[in-house]
Amino acid sequence: MAKKKRTPQEFSTDPAAQEMLIRAEELGIGTAFTRADDMAPCNIGSAGMCCKICGMGPCRLTKDGSTGICGATIDTIQARNLIRAIAAGAAAHSDHGRDMAFTLKAAANGEAEGYYIRDVAKLRTVAGYYDIEVEGRSPEEIANELADLYIAQFGQQKGVIAPIRRAPKKRQKVWEEQGVLPRGVDRETVEALHRTHIGDDQDPEHILQHAIKTALADGWGGSLIATDVSDILFGTPAPILGQANLGVLKADMVNVVVHGHEPTLSEMIVAASQTPEIIEYAKAAGAKGVQLSGICCTANEILMRQGIPAAGNFLQQELSIMTGAVEAMVVDVQCIMQALVGLAENFHTKIITTSPKVKLKGATHIQFDEHHALTIAKNILKEAIDNYKNRGSIQIPDVREDLIPGFSHEYINYMLGGSYRSSFRPLNDAIMSGRIRGVAAIVGCNNPRSQHDYLHTYVTKEMLKQDVLVVETGCGAIASAKLGLLLGEAGLDQVGPGLKEVCEAIGIPPVLHMGSCVDNTRILTVLTQIVEEGGLGDDIDQVPAVGLAPEWMSEKALSIGTYCVASGAYVIFGGTSPVSGMPDKVSDSDLVSGLISEGWEELYGGKLEFIADPDEMIKATLEHIDKKRAALGLPEYDPKRFGESGDARMLELEALPLSERKAAIYGLPVAGD
Ligand code: NFS
């Protein structure tokens with residue numbers, strides 16, 4: 001039976017996306033959404049039961065108990081496929097981290113045009129973690145030594161990588177006991193590939209132990225380095241006003257959309273776009289100026305630090321071009337759809353690739369080099385401006401939402417007590433008292449197999465009603481931003497009373513945008529600081545917190561999920577499990593699913609589960625949070641305990657005549673009584 005085609009409303013919950021999907025339909029242009037309808041996923045491959053690591057296959061294991069030609073079992077094949085995906089994800093994040101470390105080195109030596117050390121305080125703090133001398137030294141000297149240390153982490157052959165010491169002490173002990181303290185990510189990913197070559201490691205448990213080690217080398221290594229260095233070079237994020245959705249594109253300006261992941265070039269494009277030279281150049285072309293916006297995690301990087309608007313998340317990359325108003329889409333690495341070039345041919349949009357690692361056939365390649373970044377950024381912008389005259393008919397959805405991103409762990413620390421007594425104490429206290437029931441990190445991608453943004457926003461809204469504080473990164477954060485959940489006041493009418501009171505007292509939105517996917521390491525740091533503050537256990541696995549990736553699709557997401565589990569977190573992914581087997585059909589093998597859930601929970605206190613139904617996801621999250629609260633001896637969560645929020649009560653009181661207000665507040669008799 002032919003599969004039913006979905007309507008634009010079924011494709012996405014976002015009205016801007018729907019409008020562009022209707023336009024695509026009218027113009028007869030395909031998108032990832034329609035391609036997902038046309039292409040049924042392979043049920044053997046999606047269950048992790050297809051092995052194509054050698055030329056005897058691919059072996060498609062379709063029956064319980066069947067093996068590949070070499071004798072490999074379903075369990076071995078699933079574990080091998082999973083670790084390969086995790087290794088690819090770890091490689092992607094960490095290679096980004098490596099490039100950041102090299103940029104830091106070049107900046108410290110004055111060899112990187114336009115870059116300098118913007119956050120000296122963070123540089124000194126980070127150097128302090130590694131006992132790098134800071135007193136009496138210039139920022140460049142400190143940065144030079146830190147860059148050398150960080151560059152060396154990637155290829156560290158023996159012994160544990162240095163940033164691991166930033167995890168809670170007890171956690172480090174767990175890793176030591178389980179033999180998963182990571183060496184450099186290069187070594188761990190190479191070993192992951194070696195172990196999964198034909199005829200190597202065939203014990204699923206043993207393979208998965210190395211998956212943990214590989215992911216840890218990413219989370220507490222490559223990714224953490226990427227975040228540290230981005231902050232040092234471009235500034236540690238703090239709250240700033242931004243906007244999100246396709247309506248940030250401007251009809252009378254040259255629109256340049258930066259897309260991908262690395263902040264190095266995009267930060268320089270931001271700087272170049274503000275120079276008189278470029279503004280004049282744009283005006284001479286008949287435009288009012290250059291409007292920059294971002295897609296995916298590049299968007300998050302420049303949104304967090306510069307307030308540059310986000311045009312959308314992963315599934316909006318094609319839709320932004322569909323407006324006809326984008327002069328150039330500048331891409332670097334990761335999450336870039338190959339379909340962009342063909343799609344752009346229907347309009348005037350230039351796709352410009354910039355990374356030496358990523359080329360798309362048919363795109364213009366202007367290679368980025370951090371030594372001449374500003375010049376290259378200006379050249380890219382001029383290409384875009386020159387293209388303005390070629391614009392055809394445009395249709396920009398009039399849909400955009402304000403947001404406040406920029407909640408780095410440093411800022412969270414500061415906002416809880418000011419510079420006088422910055423501390424996690426108020427947050428821990430709020431969790432302990434039950435005002436905040438727990439914390440949910442809702443992160444990750446979009447996936448056209450489900451309705452765009454629906455799972456992210458549905459789960460987020462339910463968490464808020466249940467007094468769960470939500471932290472977000474990646475495309476999930478952009479989904480919430482578009483719905484107005486990243487605004488203090490705007491989001492608060494949808495929040496439980498205890499959480500609402502805390503948000504009002506501190507002056508924060510109930511959903512904290514913590515950055516790009518690489519910045520999930522900020523969440524690890526927050527969890528570590530919660531532990532170190534005291535009162536919520538002495539290791540991450542005791543904190544009432546859950547990680548969710550409801551619309552995941554990338555291998556990077558699997559690496560993130562795995563390093564969070566290894567760090568002690570319960571992690572729930574939506575969609576389908578890459579190791580599900582086919583329980584109702586041909587195989588009831590659930591060994592690998594069991595190993596990554598109950599098995600890992602026994603070893604690390606965290607577990608990885610795949611739950612497709614959002615209500616089940618929410619139920620599992622709340623049960624876990626309540627279980628952890630009970631284990632800590634905290635009062636049971638009671639939604640009625642904190643009643644109405646302070647502000648709501650104040651508004652009610654303000655409406656009363658003065659005498660009655662006094663009576664209500666101080667218990668004084670009302671005059672005339
Ligand atoms: Ni994360 Fe960011 Fe988005 Fe998914 Fe892709 S952009 S690194 S992988 S799709 S969240």
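Small disclaimer: the values here were computed from a predicted structure and weren't measured. Just follow the structure's listing: the first ligand is 1, and inside any ligand the first atom is 1.
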How are the rings of Phe368 and Tyr115 set relative to one another: parallel (under 30°), tilted (30 to 60°) or perpendicular (over 60°)?
perpendicular
Is there a donor-acceptor contact under 3.5 Å linking the side chains of Ser559 and Asp218?
yes
Near atom 4 (Fe) of ligand 1, which protein N/O/S atoms fall under 2.8 Å?
Cys445 SG
Extract all donor-acceptor atom pairs below 3.5 Å that involve side chains of residues 470-485 and protein atoms in other chains or at least two apart in sequence.
residue: Glu472; atom: OE1; partner: Ser480; partner atom: OG; Å: 2.7
residue: Glu472; atom: OE2; partner: Thr460; partner atom: OG1; Å: 2.9
residue: Glu472; atom: OE2; partner: Ser480; partner atom: OG; Å: 3.2
residue: Thr473; atom: OG1; partner: Asn520; partner atom: OD1; Å: 2.8
residue: Lys482; atom: NZ; partner: Asp14; partner atom: OD2; Å: 2.9
residue: Lys482; atom: NZ; partner: Asn313; partner atom: OD1; Å: 3.4
residue: Lys482; atom: NZ; partner: Gln316; partner atom: OE1; Å: 2.7
residue: Lys482; atom: NZ; partner: Asp453; partner atom: OD2; Å: 2.6

Taking only Lys NZ, Arg NE, NH1 and NH2, and the carboxylate oxygens of Asp or Glu, determine whether Asp95 and Arg98 approach each other closer than 4.0 Å.
yes
Out of the candidates Asp231, Thr227, Thr236, only one should pair with Arg522 under the side-chain hydrogen bond (donor to acceptor under 3.5 Å, both in side chains) rule; please name it.
Asp231
Atom name, His261 (N, O or S, nearest to atom 2 (Fe) of ligand 1):
NE2
Are the aromatic ring centres of His624 and Tyr570 under 6.0 angstrom apart?
yes
